[in-house]
Amino acid sequence: MIPRLLSSRLASSAAQKPATALTRARPSPAHNVASIYESSALASRRPLSSATLSRAPGVLRPNSATWSRRRDWPFGSNAIHNLPAVRHASFARAIPNLAMKLIRIPAMFGAAMIGGVAYLQYQAAQAGTYAVDMFGKAKDSVAGAATGFLEGAGSIFEQVGRGWDKTKDDVGEVRSGIQMPQWMKDIYEGRSGRQEDGSGGSGGPNEPKESGVGAMGAGAATAGAFALNADGEEDTRSEDVAARDDQMMLLTRKMIEIRSLLQTIGQSESLTLPSIVVVGSQSSGKSSVLEAIVGHEFLPKGSNMVTRRPIELTLVNTPKAHAEYGEFPALGLGKITDFSQIQKTLTDLNLAVPEADCVSDDPIQLRIHSPNVPDLSLIDLPGYIQVEAFDQPTELKAKIQELCDKYIQPPNVILAISAADVDLANSTALRASRRVDPRGERTIGVITKMDLVDPVRGAQMLTDKNYPLRLGYVGVVCKVPRDSKSLFSRGSANITSAITKNESAYFNAHPDVFGPNSEVMTGTPNLRKKLMHVLEATMSASLATTSEAIHHELAEATYEFKVQYNERPLSAESYLAESLDAFKHSFKGFSDTFGRKEVREIVKRELDQQVLNLLAQRYWNRPVESLRPVDQLSEGVTEPLESLPKADPENPLWHLKLDASTSTLTKLGIGRLATTITAQALQDSVRNLVQGSTFSAHPFAVHAISQASESILRELSYDTSDELEICVKPYKYRVEVSSDEWKRGRANITSVLQDELKHCEAANKALEDQLGGRRKAKDVLSFIDRVRKGEVVLEGDGVGGAGGFSAALLQKGKEALFLRDRSDILRMRLAAIKSRQCANPANKYYCPEVFLDAVAEKLTSTADLFLDAELLSKFYYQFPRKLEREFRELDESTIERFAREDPKIRRHLDVVKRKELLEQVLKEMEGLRQLEMREKRSSSRGTQTEEIGGRRKRGWGIF
């Protein structure tokens, strides 16, 4: 700013004072040498130099008198131009700006520091939260491991040593005195299943697999299942009893597998094997008993009624497994090792039942695999209630009783849970079992909370004669002790050891009442053993009857498979493959019949309609919109279409109309139009093929095929339409029509106009019927003609009716008038096209219909050739391959769901699956039969018997 002010002031002073003023005695205080130089002629030709300044006479020479008389330049003048430096800057304005700048720097540093501190605080908080979570998880994991280690490490080595010595001492006796199956002897002796001579062989397809555990394996599976190796409980069984228990567990496992197969078959009550149904009132300890058997807390718990659905619990003993896990077969959640997650899942599934429905009979299937559980099949039911709460439905009690009565019917075993602090006379579970099992032959009584009553009173309940049960009572204390002296919390560790230790401490404290010489059965290990013995015996008793029912059902399924389906095997995969092959074959036939010829017809038909639209827009009459008189100065009056055959050849009106129509037709977007209508025709054809195939009964397949064709056509249409538009681009500028093309266009447009005339006459006839007949229509049309000619004057354009006709009749009359005039024009143009004048291509302005049709024919010829090469061929190649790829990538569940959409195929698949499952069940039962026969052969060589319930039982006697 200072230099711009200095230059402006010096320039103004130089303009007011002449150059000679520098020689005056009193020189001006501000002489601008630059302004003097700029005013000379040299300023325009060359720049100012030091030599030039030295040659300037009397101006800057040091010897000049004028220079000697000049006053000294003030301090601060420019040393180059000898000009004084004029300062207009003021510190009054600069100081605030400088202060603001100085203030901004600390402010920015302060803001940056505050932001950094806040970010560090946020990261520290996140890290703290993450660390707390990790420590919590680590605490639970370490707690379970450390507790189990600390509690069990003291007795592991002692137990192993004692068991090893005992086993070695008894092996000799086993080999000499006790007869057992050969495969069991191999387990004791640690041998493989091969013969000593190496010939090898197996006893059958269902023979138990080798374990290879040697002598230490005797009874190991049942020892873990019965919790006999836990604290406070020692495995005192003899070798023959342990072998018997192992065989019994094997039988039970196989029968549970058979029961699971029968459950998938369903449909018949005779096709089932018994389970153990757990019933009891709320707060009776029912959940605690089940969790003590499993060894984990996994059942849903809550203040309100949480169990609303039956839980079909299948326990699978896995002696060689190191991990315990559960799985929900119907949900497909995989293996869940965290039992708290199983508990959460069960809670969510139960709470999904609406409170209005109270309970549901849709069971939840849960399988638990563990080396610490026996092979059992249990069903947990909602607990009985006495009075409904104020927020519960009034019919809840009746629905729970109805659901329980459904499951406790024969042949199921009833596990009646009763609390020791409640008299047996008031036990809801015993009352329910008495209704369906009055003799108590299939009911096991479980008395929980034995530590809450006097030991003598507890022993009296276990031997109660007023409510006798053939299978007896078992007293348990399933409460998990909370006063553990461990340094860590229990977490999700197995609770079997803690419960067994607590029970043993209580019952051993009263040996006179619960000792070995007493007639009562106590403890969870004894309950596990009893449940498996009873379940095995009950299943064995039902197996023969079930076998007969299975043979009967298999005979019916085989007959139906042979008669109705001619023994034609079918699966969901084979049905999908057959249906896809049939559809691809029909599509191949369609591709052979839909080619260039069909595309040409489709495109030409569409362009014919476009030609008619252009003729109607530029040549023919338009719809009658009002009843006002016709404007005599309008184009249709001054230049009517009737005058076209005799019009002046140089009349620009007809030239303009034809040229505009031709330009509109060629610039219509033929590429996009032809591609769209062809793709739509292909899509419609694919839909028709689907409706005529086996896929028509499958909504999933219909949708998948339609989506595949649409995606392919959409991708191909973009490039095809653009390339086709480039091909027809020359026709937008010039169109040459030959005599042959004119002749073909003349014949085609004649046919098109005749069809249009038929449609107009048919529409006019329909309007005459709506108007009340031909005479009534004629009267309405005569009135409208007089109005349009001006012979009759209307007020308000006949909105409320006029001439004795209603507004509706007048509206219909306007439509009829339009159709009548259109028909007259079509007849006139048909006559003109057939005339000699339209036989010559040079008269195209007199016959615009023929010329436009010839242009449409040229566009069609280009379009059908390009569409056949680019759209049809590529679609016919890609579509079958895409279908093959998409259907091949479907998973098994989707294929199964697809096949079952057709009722006939669903019935066929059901018959095939039912027949296969029945055959598989019979195969499993045959394996049990072979196992029994092998055991009988072993028993015939010795005296293997067992005392059960005061009777001597020889062998198994399953069949």
Side-chain angles (χ1 to χ4, degrees), residues 276-294 297-311 313 343 346 350 358-359 378-389 392 396-405 407-408 412-437 440 442-454 457-462 464 466-467 469 471-480 495 499 502-503 506 520-524 526-528 530-531:
I276 299 176
V277 182
V278 184
V279 295
S281 60
Q282 292 188 7
S283 302
S284 62
K286 179 166 58 69
S287 299
S288 299
V289 172
L290 290 176
E291 290 176 346
I293 294 174
V294 174
E297 297 179 359
F298 69 98
L299 291 175
K301 295 179 176 62
S303 57
N304 201 348
M305 178 180 172
V306 181
T307 305
R308 302 178 183 180
R309 295 171 59 182
I311 300 176
L313 179 62
Q343 186 180 46
L346 288 174
N350 279 280
C358 306
V359 292
L378 303 166
I379 301 177
D380 183 28
L381 296 176
Y384 290 104
I385 62 173
Q386 299 298 329
V387 180
E388 300 87 357
Q392 292 178 339
L396 178 60
K397 179 180 178 181
K399 285 192 173 184
I400 293 176
Q401 181 175 340
E402 180 181 356
L403 177 63
C404 294
D405 290 345
Y407 278 89
I408 61 178
N412 287 338
V413 178
I414 304 173
L415 188 65
I417 308 296
S418 303
D421 55 351
V422 178
D423 193 77
L424 293 181
N426 298 324
S427 174
T428 311
L430 290 177
R431 189 182 307 118
S433 66
R434 185 65 62 89
R435 290 196 304 268
V436 296
D437 183 27
R442 53 186 183 89
T443 302
I444 302 175
V446 177
I447 309 299
T448 62
K449 307 177 183 180
M450 292 287 293
D451 56 339
L452 298 182
V453 297
D454 184 73
R457 171 58 182 161
Q460 291 176 355
M461 297 180 69
L462 295 178
D464 197 299
N466 295 325
Y467 306 96
L469 298 177
L471 300 178
Y473 292 87
V474 180
V476 295
V477 180
C478 296
K479 180 177 63 176
V480 181
I495 61 176
I499 292 177
N502 185 48
E503 279 185 328
Y506 174 75
V520 298
M521 182 177 292
T522 58
T524 303
N526 289 326
L527 175 61
R528 289 184 174 195
K530 189 177 190 65
L531 290 178

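- Residues satisfying the side chain to side chain donor-acceptor pair (under 3.5 Å) test with Gln343, not counting sequence neighbours, are none.
- Closest approach of Leu462 to Met521, counting heavy atoms only: CD1-O, 4.1 Å.
- In this structure, the salt bridge (Lys or Arg N to Asp or Glu O under 4.0 Å) partners of Asp451, at least two apart in sequence or on a different chain, are Lys479.
- Distance check, rounded to the nearest 0.5 Å: CD1 of Ile408 to CD of Gln401 gives 8.5 Å.
- Separating the CG atom in Asp405 from the CZ atom in Arg435 is a distance of 4.5 Å, to the nearest 0.5 Å.
- The side-chain heavy atoms of Asp380 and Leu313, taken from C-beta on, include no pair separated by under 4.5 Å.
- Scanning for salt bridge (Lys or Arg N to Asp or Glu O under 4.0 Å) contacts around Asp423 gives Arg457, with sequence neighbours left out.
- Between Pro300 and Thr307, some side-chain heavy-atom pair lies under the 4.5 Å cut-off.
- Side-chain contact between Glu291 and Ile499: absent, with no pair of heavy atoms (C-beta onward) separated by less than 4.5 Å.
- Every residue meeting the side-chain contact (heavy atoms from CB on, under 4.5 Å) condition with Gln282, not counting sequence neighbours, appears here in chain and number order: Met305, Ile385.
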(message) Walk me through whether Val476 and Glu503 qualify under side chain to side chain contact (heavy atoms under 4.5 Å, CB included).
(response) CA-CA 7 Å; Val476 295; Glu503 279 185 328; 3.4 Å; yes
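- Considering every non-hydrogen atom in both Leu527 and Val474, the closest pair reads CB-CG1, 3.9 Å.
- For Lys399, the side-chain contact (heavy atoms from CB on, under 4.5 Å) test picks out Cys358, Val359, Glu395, with sequence neighbours left out.
- Rounded to the nearest 0.5 Å, atoms CG (Asn466) and CD (Gln460) are 11.0 Å apart.
- In summary, of the residues considered (Val289, Val279, Val446, Ile417), a side chain to side chain contact (heavy atoms under 4.5 Å, CB included) with Ser284 occurs for Ile417 alone.
- Residues meeting the side-chain contact (heavy atoms from CB on, under 4.5 Å) test with Thr443, sequence neighbours left out: Ile414, Ala416, Ser433, Asp437, Leu469.
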(request) Quick one: do Thr428 and Gln386 satisfy side chain to side chain contact (heavy atoms under 4.5 Å, CB included)? Show the steps, please. (result) CA-CA 9 Å; Thr428 311; Gln386 299 298 329; 2.8 Å; yes
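- The ring-ring contact (aromatic ring centres under 6.0 Å, His included) check on Tyr506 picks up His510, with sequence neighbours excluded.
- For Ser281, the side chain to side chain donor-acceptor pair (under 3.5 Å) test picks out no residue, with sequence neighbours left out.
- Nearest heavy atom pair, residue Ala292 against residue Arg528, reads O-NH2, 3.2 Å.
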(request) List the steps and the verdict of side chain to side chain contact (heavy atoms under 4.5 Å, CB included) for Val436 and Arg442. (result) CA-CA 10 Å; Val436 296; Arg442 53 186 183 89; 3.8 Å; yes
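- The salt bridge (Lys or Arg N to Asp or Glu O under 4.0 Å) search around Asp421 returns none, not counting sequence neighbours.
- Checked by atom type and distance alone, the side chain of Asn526 pairs as donor or acceptor with a backbone atom of Thr522 at under 3.5 Å.
- Judged as a side-chain contact (heavy atoms from CB on, under 4.5 Å), and not counting sequence neighbours, the contacts of Leu424 are Ser418, Leu430, Ile447, Met461, Asp464, Tyr467, Tyr473.
- A donor-acceptor pair under 3.5 Å is formed between the side chain of Lys286 and the backbone N or O of Leu381.
- Between the CG atom in Leu531 and the OG1 atom in Thr524 there is a gap of 10.0 Å [rounded to 0.5 Å].
- Counting only heavy atoms from C-beta outward, the side chains of Thr448 and Ser288 never approach each other to under 4.5 Å.
- Glu388 pairs by the side chain to side chain donor-acceptor pair (under 3.5 Å) definition with nothing, not counting sequence neighbours.
- Note that CG of Leu290 is 9.0 Å distant from SG of Cys478, once rounded to the nearest 0.5 Å.
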(request) Could you please spell out the steps behind the side chain to side chain contact (heavy atoms under 4.5 Å, CB included) verdict for Leu346 and Ile311? (result) CA-CA 9 Å; Leu346 288 174; Ile311 300 176; 4.3 Å; yes
